[in-house]
Amino acid sequence: MKEEISNRLSALREVMRRENLAAFIFPSTDPHHGEYVPDHWKGREWISGFNGSAGTAVVTMNSAALWTDSRYFIAAEEQLKGTEYQLMKLKMPDTPTIPKWLGREVMSMSSTEIGIDGMVNSVSFVEDLIKDMRQNGGITVRTNFDPLAQIWDNRPTIPENKVEIQPIEYAGESVQSKIQRVRKALREQHADGMLVSSLDDIAWMLNLRGSDVHCTPLFVSYLLISTTKVTLFINPKKLTSEVSAYLKENGIDVDDYDHVQKGLQDYFEYNILIDPDELNYTLSKAIKTKEIIRGKSPIPALKAIKNEAEIAGFRKAMLKDGIALVKFLKWLKPAVEEGGQTEISIDEKLTSLRAEQPLFRGLSFDTIAGYEAHGAIVHYEATPETDIPLESKGLLLLDSGAQYQDGTTDITRTIALGELTDEQRHIYTLVLKGHIQLELCKFPAGASGTQMDILARMDMWREGFNYLHGTGHGVGQYLNVHEGPHQFRMEWMPAPFVKNMTVTDEPGIYLAGRFGVRHENLLLIVPYMETEFGEFLQFEPLTLCPFDTTPIVVEMMKDEEIQWLNDYHQMVFEKLSPYLQDDEVEWLREATKPITK
């Protein structure tokens with residue numbers, strides 16, 4: 001692989017030399033800026049060999065570097081080893097920004113022009129880059145060139161998988177109703193229309209699903225909304241006769257995916273809303289309206305609030321997931337004691353148990369099964385090269401989820417496979433305390449996740465521990481497992497928390513080279529009380545799965561934390577036990593028995 005990367009860099013530099021480019025930037029994004037990228041657009045992975053979901057590769061005529069965040073520091077270091085890429089750790093004090101690094105690297109070159117593909121970079125990213133590069137040596141940015149079109153042999157094609165209808169019993173709202181609500185939200189921003197490029201927003205609006213994107217039921221397309229028309233730009237091969245009839249019935253025009261630039265040029269309204277963080281730069285330049293309104297797309301905020309049918313679907317999905325997880329956890333420790341189990345084999349076992357459940361459609365993300373030191377790699381994914389056997393000792397961090405047609409799941413449990421150190425017990429309990437404190441939170445409607453994030457970190461901060469990822473994110477209803485705009489984070493995220501949103505609660509502590517601990521439930525925001533100060537809300541756990549109580553240092557727990565855990569476990573037992581075999585019920589009874597000081 002290292003030799004391949006070297007050859008690819010040589011081919012790239014030959015093209016750059018012909019085009020008189022001093023550098024080229026490869027992001028992790030595609031034209032739709034989703035979390036998972038279809039293989040056709042995995043240019044950053046192809047040119048660098050690093051396969052994490054987040055990162056930016058930059059190649060000059062003489063050097064190469066890759067920027068990624070703390071989730072991937074360890075994995076990136078391993079994957080880049082032996083190549084000329086230098087790892088740049090984001091948010092670390094000595095790490096330069098891409099513009100500063102490029103300003104130094106390009107200074108001695110004859111060309112002062114760098115390249116970036118405007119089709120796979122957002123308006124805001126490209127505009128910021130242009131400004132920053134001007135300030136770092138007067139470097140110009142070219143956006144109309146994709147070198148991968150010339151050097152990537154056997155490049156995967158854009159997916160052509162069929163689209164399917166998401167039944168109204170799961171969607172809970174008609175397409176026409178959603179279009180009306182989006183148009184109303186656009187009018188509130190004084191906008192006549194918008195181009196929707198986010199694939200999960202399109203799937204939600206049209207009550208359609210697909211299979212073009214890894215772990216998410218999405219399909220490659222664009223949706224252009226005006227005051228009188230809605231046009232879906234999509235490869236016609238993807239539409240069955242049933243879906244074509246459905247679109248016509250709902251008044252949705254259809255045009256070819258490749259015609260979206262012409263569609264924007266022909267757009268007849270006075271103005272159009274663009275979300276600079278969502279729309280790609282090239283398409284923004286195709287717009288010919290009198291006025292462009294810059295603002296946030298209204299769709300994520302509408303989509304984040306679940307209706308009654310979606311909430312009912314989540315509850316059914318969590319029940320199925322809980323059944324599969326109990327079967328798995330009952331099997332796990334005896335199987336490890338017998339020997340022969342590895343990180344990959346237990347992932348396959350859990351997936352097979354989920355697949356037995358009705359309406360299972362696949363995983364919602366690649367399972368993170370990290371044993372001992374691998375648990376400290378935040379987004380670890382076992383490969384045949386890294387897979388290790390499990391032993392009857394230490395901690396297993398298991399972060400997994402499923403796509404069911406009625407809901408999406410996401411859960412993390414850290415499991416003691418046998419004897420633990422005092423340090424492991426202490427860290428396990430510290431993270432659990434943070435998880436519970438966040439679940440116990442009561443808050444006024446409209447508060448943001450940043451205002452609540454401290455609850456998950458408070459006890460660990462007192463001991464000098466922290467984690468650099470967010471504490472929680474929204475979850476889609478048979479859509480993206482990571483859904484905004486609301487989330488728990490240290491960084492300022494003003495999106496309000498309101499009733500009927502879903503959000504995860506997943507603090508963690510990771511000790512590199514030793515072990516990691518994370519605990520995660522999916523929560524529903526529900527009413528708490530009305531007072532003279534307004535509406536107050538609270539969290540209801542949707543996830544149904546016991547926490548491992550064997551590592552808990554009970555003396556560290558507050559009475560309210562013990563009470564919450566015992567109440568949660570009683571609820572899990574009551575909801576799951578009617579669907580389990582007698583031996584599984586007895587296992588669950590033992591796993592959920594109350595703890596006391």
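Position 1 is the first residue of the sequence, and the numbers go up from there.
Glu105 and Ser63 are linked by a side-chain donor-acceptor pair at a separation below 3.5 angstrom, with hydrogens and angles left out of the test. A side-chain donor from one of His482 and Glu35 sits under 3.5 Å from a side-chain acceptor of the other. Side-chain polar atoms of Asp505 and Asn521 form no donor-acceptor pair below 3.5 angstrom. Side-chain contact, Tyr371 with Glu391: no donor N or O sits under 3.5 Å from an acceptor N or O. Between the side chains of Ser198 and Asp200, at least one donor N or O lies within less than 3.5 Å of an accepting N or O. In summary, the side chains of Tyr222 and His259 do not present any donor paired with an acceptor at a separation below 3.5 Å, with no hydrogens or angles considered. Of the N and O atoms on the side chains of Ser70 and Tyr467, not one donor lies less than 3.5 Å from an acceptor on the other residue. Using a 3.5 Å distance cut-off with no hydrogens or angles, the side chains of His473 and Glu506 do pair a donor with an acceptor. There is no side-chain donor-acceptor pair under 3.5 Å between Gln150 and Glu14. Side chains of Asp453 and Thr471: a donor on one and an acceptor on the other come within 3.5 Å. For the residue pair Ser111 and Glu113, no side-chain donor N or O sits within less than 3.5 Å of a side-chain acceptor on the partner.
Sparse packing is recorded around CD of Glu77, with 12 or fewer heavy atoms of other residues, nucleotides or ligands lying under 6.0 Å away. Summarising the local packing, NZ of Lys100 is surrounded by 12 or fewer heavy atoms from other residues, nucleotides or ligands at distances under 6.0 Å. For Lys393, the NZ atom sits in a loose shell: 12 or fewer heavy atoms of surrounding residues, nucleotides or ligands are nearer than 6.0 Å.
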>> Please evaluate residues Arg354 and Ser400 with respect to the criterion side chain to side chain donor-acceptor pair (under 3.5 Å), reporting the C-alpha separation (whole Å), side-chain torsions for both, the decisive distance (0.1 Å), and the verdict.
In response: CA-CA 11 Å; Arg354 281 181 162 131; Ser400 66; 3.0 Å; yes
>> Could you walk me through whether His469 and Tyr510 satisfy the ring pair (Phe, Tyr, Trp, His ring centres under 6.0 Å) test, starting with their C-alpha distance in whole Å, then the side-chain angles of each, then the deciding distance to 0.1 Å, before giving a yes or no?
In response: CA-CA 11 Å; His469 60 73; Tyr510 313 95; 5.5 Å; yes
>> Does Lys131 form a salt bridge (charged side-chain N to carboxylate O under 4.0 Å, His left out) with Glu127? I'd like the steps, not just the answer.
In response: CA-CA 6 Å; Lys131 181 179 68 176; Glu127 289 180 344; over 6 Å; no
> Does the pair His519 and Tyr428 meet the rule for a ring pair (Phe, Tyr, Trp, His ring centres under 6.0 Å), with working shown?
Replying inline: CA-CA 9 Å; His519 304 300; Tyr428 183 98; 4.6 Å; yes
>> Before you tell me yes or no, could you show the steps for Asp366 and His214 under side chain to side chain donor-acceptor pair (under 3.5 Å), namely the whole-Å CA-CA distance, both residues' side-chain angles and the distance that decides it to 0.1 Å?
In response: CA-CA 9 Å; Asp366 294 312; His214 182 60; 2.8 Å; yes
> Given Leu102 and Ile25, is the side chain to side chain contact (heavy atoms under 4.5 Å, CB included) satisfied, shown in steps?
Replying inline: CA-CA 10 Å; Leu102 274 172; Ile25 299 174; 3.9 Å; yes
> Could you walk me through whether Gln405 and Gln477 pass the side chain to side chain donor-acceptor pair (under 3.5 Å) check?
Replying inline: CA-CA 8 Å; Gln405 195 170 5; Gln477 202 266 350; over 6 Å; no
> Run the side chain to side chain donor-acceptor pair (under 3.5 Å) check on Ser28 and Arg44 step by step: do they pass?
Replying inline: CA-CA 6 Å; Ser28 299; Arg44 187 265 296 152; 2.9 Å; yes
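In terms of heavy atoms, Asp321 sits closest to Ala402 at OD1-CB, 3.8 Å. Minimum heavy-atom separation, Phe328 to Leu398: CE2-CD2, 3.4 Å. Residues Leu66 and Ser48 approach most closely at CD1-OG, 3.7 Å, considering heavy atoms. The minimum heavy-atom distance between Val220 and Lys238, with the atom names listed, is O-CE, 4.0 Å. What you find for Thr367 and Asp347 is that their closest heavy atoms are OG1-OD1, 3.1 Å. Between Thr409 and Phe365, the shortest heavy-atom contact is O-CE2, 4.4 Å.
The closest side-chain heavy-atom distance from Val120 to Trp41 is below 4.5 Å. Between Phe26 and Leu12 there is a side-chain heavy-atom pair separated by less than 4.5 Å. Contact check for Arg294 versus Ile274: side-chain heavy atoms found under the 4.5 Å cut-off. Contact check for Glu381 versus Ile368: no side-chain heavy atoms found under the 4.5 Å cut-off. For the pair Arg104/Pro96, a side-chain contact is recorded, criterion being any heavy-atom separation below 4.5 Å from C-beta on. Taking the side chain as every heavy atom from C-beta outward, Val475 and Val503 never approach each other to under 4.5 Å. Looking at Leu325 and Leu350, their side chains come closer than 4.5 Å, going by heavy atoms from C-beta outward. Within the 4.5 Å cutoff, the side chain of Ser297 has heavy atoms near those of the Asp201 side chain.
Residue Phe50 forms a ring pair (Phe, Tyr, Trp, His ring centres under 6.0 Å) with just one option from Phe73, Tyr85, Trp67, Tyr72, and that option is Tyr72. For the pairing with Ile5, the side chain to side chain contact (heavy atoms under 4.5 Å, CB included) check across Leu80, Thr83, Ile47 returns one residue only, Thr83.
One finds no salt bridge joining Lys2 and Glu78 here, because no Lys/Arg side-chain nitrogen approaches an Asp/Glu carboxylate oxygen to under 4.0 Å. For the pair Glu423 and Arg514, the salt-bridge criterion is met [side-chain N within less than 4.0 Å of a carboxylate O]. A salt bridge is absent between Asp69 and Lys89: the closest approach of a Lys/Arg side-chain nitrogen to an acidic carboxylate oxygen does not fall below 4.0 angstrom. A salt bridge links Lys296 with Asp277: the closest approach of a Lys/Arg side-chain nitrogen to an acidic carboxylate oxygen falls below 4.0 angstrom. Arg8 and Glu3 are not joined by a salt bridge, as no carboxylate oxygen comes within less than 4.0 angstrom of a charged side-chain nitrogen.
In this structure, CZ in Arg155 is found 11.5 Å from CG in Asp153, a value given to the nearest 0.5 Å. Summarising the geometry, atom CG belonging to Leu542 is positioned 12.0 Å from atom CG belonging to Asp410; distances are rounded to the nearest 0.5 Å. Of the inter-residue distances, the one linking Asp399 atom CG with His379 atom NE2 reads 7.0 Å to the nearest 0.5 angstrom. Atoms CG and OG, on Asp128 and Ser122 in that order, are 8.0 Å from each other to the nearest 0.5 Å. Considering CZ of Arg134 and CG of Leu129, their distance stands at 10.5 Å, rounded to 0.5 Å. To the nearest 0.5 Å, atom OG1 of residue Thr143 and atom CD1 of residue Ile116 are 9.0 Å apart.
Put simply, the side chain of Asp548 gets close to the backbone of Ala416: a donor and an acceptor are under 3.5 Å apart. Remark: the backbone N or O of Gly476 is paired with a side-chain donor or acceptor of Thr408 at under 3.5 angstrom.
A cation-pi contact links Arg413 to Phe547, judged by a cut-off of 6.0 Å to the six-membered ring centre and 45° from its axis. Relative to the ring axis of Phe219, Arg209 does not place its NZ or CZ within 45° and under 6.0 Å from the centre.
Taking the six-membered ring where the residue is Trp, Trp46 and Trp152 present parallel rings, their angle staying beneath 30° rather than reaching 60°.
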